[in-house]
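Lettering of chains follows the sequences in order, A, B, ..., and the numbering in each one begins at 1.
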Amino acid sequence: MAQAVQQTFSQTRLGIGPPITDGFYYDFEPPQPFTPEDLEKIESAMRKIVKEGQRFKRRVTNEAEALKELAHEPYKCELIGIKGSGNDETSVEVGGTELTIYDNLGRDGQPVWSDLCRGPHLPSTKHIPAFKLMRSAGAYWRGSEKNPMLQRIYGTAWPSQDELNAYLELLAEAEKRDHRRLGQELDLFSFPEEIGSGLAVFHPKGGIVRRAMEDYSRKRHEDENYEFVYSPHLTKAALFQKSGHLDWYSEGMYPPMIMDEELHADGTIKRAGQQYYMKPMNCPFHNLIFQSRQRSYRELPLRLFEFGTVYRYEKSGVLHGITRARGFTQDDAHIYCTKEQMPGELDSLLTFVLNLLRDYGLQDFYLELSTRNPEKSVGEDHDWEEATEALRKAAVAQKLELVLDEGGAAFYGPKISVQAKDAIGRTWQMSTIQVDFQLPQRFELEFASADGSRQRPVMIHRALFGSIERFFGVLTEHYSGAFPPWLAPVQVVGIPVADSFAEYLSGVIKEMKASGIRADLDDSDDRMQKKVRNAQMQKIPYMVIAGEEDMKAGAVSFRYRNGEQKNGIPVAQAIAEIKATIAAREQV
RNA sequence: GCCUCCCUAGCUCAGUGGUAGAGCAGCUCACUUGUAAUGAGCAGGUCAUCCGUUCAAUCCGGAUGGGGGGCUCCA
């Protein structure tokens, strides 16, 4: 591709071009950013190169030679410099032990183009059966926002045209189930411009799904002996000074509101005002609840739970529908326990988390354990070791794949995160369980132990969904909007074959409603076929249809989302079937 | 925040330097036919906002807001 780019746009300088999952990219510094038409030109130049069957020849070189040869490529020279200086930063261009240049040889055996690269390469460009350039985008040179922005071209490459097509179909499928698109099509939520970027409103149908999600979560938390608390969305600055958030997180917070400030006529401050912040986290509030009176070891573990809505001023570029927003609600809990209780607590917590996620329909998980970064961390060595070991044991007990994220923990404690795969194989980070050595100290949390001494509790942060909105988005994509009945905004729609059966069916729907089913009658002027189509597009799990035959028999006929039907089911039996599926949280 | 592309009716999208159209949805009327679109009519838009260029801007330029794809980030 780089050859094609330089053929087409000779002023373009080369950056880095590694292979990635499903394909490759290459960073360039072109005179003008690439347009979609440019990509087409480049792609046809590439096809020509592939057709020519240029052979790749590996050539070992040294720093001085390479610098001379690539003097016109400043970025490549920088890479050679890194390599030469013994910096061990691995780069696809200069990795390994020696500098290599690959020459592309034309039919006559003469080099037509060369590039610094670690390799390996295919023997010839003929061995590239299927590829496609996907998009161009800006990317910082060597991934640092302090560096200049280059233009990156992404491509995908496959061993066969069929596999390329399959990949493109997967992308199309992902686009179809994009929660932002489904959020609009199914009337679940929206982001009115008037409110502000990253701030969502939930519509009635989205509200039903969300409430069903929350209600079930609440119930399960009750079973696990969590206690429910509430805290305000606003607080004076002092609280976040105490927690330390203002020191290291202020750029992620909405700026303060200054209340009751008095100014002199010249604009100088007569009386300082109070600063109030929107909360970006709930933990300081829960700590204050813990601290509200003397605590005893008998109360531990104390598990405080809240659906806490927080506000974070995320950079505009990272916002993504409802999965990455500026205002969102965490299913947040903080567990205060003794050191001795910690291992058991972590173990049962992880089991609880995984089982709950399974109840929502996610099946495929792996765990990631983030350990201490010695450079940046607070707390005692043995505390870290103990906590990390407890997390590891809990993880191993789940018999799931465990990935180690060495040194990836936050400075205040190790954590474990649950990664879940969705219906089309994409991975989402879901729950996190995080041990905190920092906040109990900052808040001087204490409890009276059995011997009367004052001890500091261990604090565990945990969120199962991460945020309800985000989990909502993930489930929407996982189910492609076809929620299982227990979550579906409308569970049943009644469709009379013709107007004259509407009254009969209306009675059936009423009966369903009375037994707690979310059922509606479609008594619009549309034809039956149109009603079926509408219900189908709304992804309603059950269509209950009635005509002459059903009415005579006191029955209804089912049409399921997959188009299957079951006719002449007695009303009581139909209701029982629906209720059982809802209660079991099964998908249909 | 940075690079880049985009913003026309509720939605999906045509279109033009001389102030706009379709399909679906909506409303009205008629019709109603066992499992994915009955027909007719009506209504609906400061062409995101503001500022320039121009005799004239939805169209050209700039700024702001919102969005897409990436980069960086995600305590």
Should stems be defined as at least three consecutive Watson-Crick or G-U pairs with both distances under 3.5 angstrom, which of them involve RNA chain B? B:1-7 with B:65-71, B:10-13 with B:21-24, B:26-30 with B:38-42, B:48-52 with B:60-64
Between the side chain of [X] and the main-chain N/O of [Y], is any donor-acceptor distance below 3.5 Å?
X: His461(A); Y: Cys283(A); value: no
X: Lys531(A); Y: Asp522(A); value: yes
X: Arg177(A); Y: Glu477(A); value: yes

Have a look at [X] and say if it touches a base, only the backbone sugar-phosphate, or nothing, with a 4.0 Å heavy-atom cut-off.
X: Tyr154(A); value: sugar-phosphate
X: Glu185(A); value: nothing
X: Gly244(A); value: nothing
X: Ser316(A); value: base
X: Val532(A); value: sugar-phosphate
X: Arg527(A); value: base
X: Phe411(A); value: nothing
X: Asn534(A); value: nothing
X: Gln529(A); value: sugar-phosphate

Between Pro280(A) and Ala546(A), which residue's closest nucleotide on RNA chain B lies nearer the 5′ terminus? Ala546(A)
5′-ward residue of the pair Gln565(A)/Gly317(A) relative to RNA chain B: Gly317(A)
Measure from [atom1] on [X] to [atom2] on [N] and round the result to the nearest Å.
X: Met134(A); N: G68(B); atom1: CE; atom2: P; answer: 18 Å
X: Phe28(A); N: U4(B); atom1: CZ; atom2: C1'; answer: 16 Å
X: Asp525(A); N: G26(B); atom1: CG; atom2: P; answer: 11 Å
X: Lys315(A); N: C2(B); atom1: NZ; atom2: P; answer: 10 Å
X: Gln184(A); N: C11(B); atom1: CD; atom2: P; answer: 6 Å
X: Asp499(A); N: C29(B); atom1: CG; atom2: C1'; answer: 15 Å
X: Trp141(A); N: C2(B); atom1: CH2; atom2: P; answer: 22 Å
X: Asp178(A); N: G67(B); atom1: CG; atom2: P; answer: 14 Å

What's the gap between [N] and [M] when it is taken at their [atom1] atoms, as a whole Å value?
N: G61(B); M: U54(B); atom1: C1'; result: 12 Å
N: G15(B); M: C3(B); atom1: C1'; result: 30 Å
N: A43(B); M: C2(B); atom1: P; result: 47 Å
N: G39(B); M: U46(B); atom1: C1'; result: 35 Å
N: C74(B); M: C51(B); atom1: P; result: 41 Å
N: C71(B); M: C60(B); atom1: P; result: 30 Å
N: U4(B); M: U12(B); atom1: C1'; result: 24 Å
N: G17(B); M: U28(B); atom1: P; result: 40 Å

For Arg470(A) and Gln429(A), run side chain to side chain donor-acceptor pair (under 3.5 Å): C-alpha distance rounded to whole Å, both residues' side-chain angles, the deciding distance at 0.1 Å, then the answer. CA-CA 10 Å; Arg470(A) 184 182 141 81; Gln429(A) 178 175 321; over 6 Å; no
Check whether any side-chain nitrogen or oxygen of [X] sits under 4.0 Å from OP1 or OP2 of [N], and answer yes or no.
X: Ser136(A); N: U4(B); value: no
X: Arg180(A); N: G67(B); value: no
X: Lys415(A); N: C74(B); value: no

My understanding is that only residues two or more places apart in sequence, or in another chain, count here; which of them pass ring-ring contact (aromatic ring centres under 6.0 Å, His included) with Tyr167(A)? Trp158(A)
Quick one: pull up CZ in Phe34(A) and CD in Glu40(A) and give me the separation to the nearest 0.5 Å. 14.5 Å
Can you measure from CG (Asp550(A)) to CG (Asn567(A)) and round to the nearest 0.5 angstrom? 7.0 Å
Let me know which of Ile153(A), Ile16(A), Leu150(A) forms a side-chain contact (heavy atoms from CB on, under 4.5 Å) with Phe28(A). Ile153(A)
For the residue pair Arg326(A) and Tyr313(A), would you count it as a cation-pi contact if the rule is NZ or CZ under 6.0 angstrom from the ring centre and within 45 degrees of the ring axis? yes
Of the nucleotides [options], which one has an atom closest to the side chain of [X]?
X: Glu193(A); options: G66(B), G34(B), C71(B); result: G66(B)
X: Glu548(A); options: G34(B), U35(B), G1(B); result: G34(B)
X: Ser197(A); options: G67(B), G69(B), U35(B); result: G67(B)
X: His320(A); options: G69(B), G67(B), U32(B); result: G69(B)
X: Gln536(A); options: G65(B), A30(B), A36(B); result: A36(B)
X: Tyr140(A); options: G34(B), G1(B), G70(B); result: G1(B)

Below 30° counts as parallel, above 60° as perpendicular, anything between as tilted: where do the rings of His334(A) and His286(A) land? perpendicular
Polar side-chain contact [X]-[N] base: donor and acceptor under 3.5 Å:
X: Arg324(A); N: C74(B); result: yes
X: Arg152(A); N: C3(B); result: no
X: Ser557(A); N: G34(B); result: yes

Show your working on salt bridge (charged side-chain N to carboxylate O under 4.0 Å, His left out) between Arg13(A) and Glu78(A) and close with a plain yes or no. CA-CA 12 Å; Arg13(A) 303 281 65 94; Glu78(A) 190 179 326; over 6 Å; no
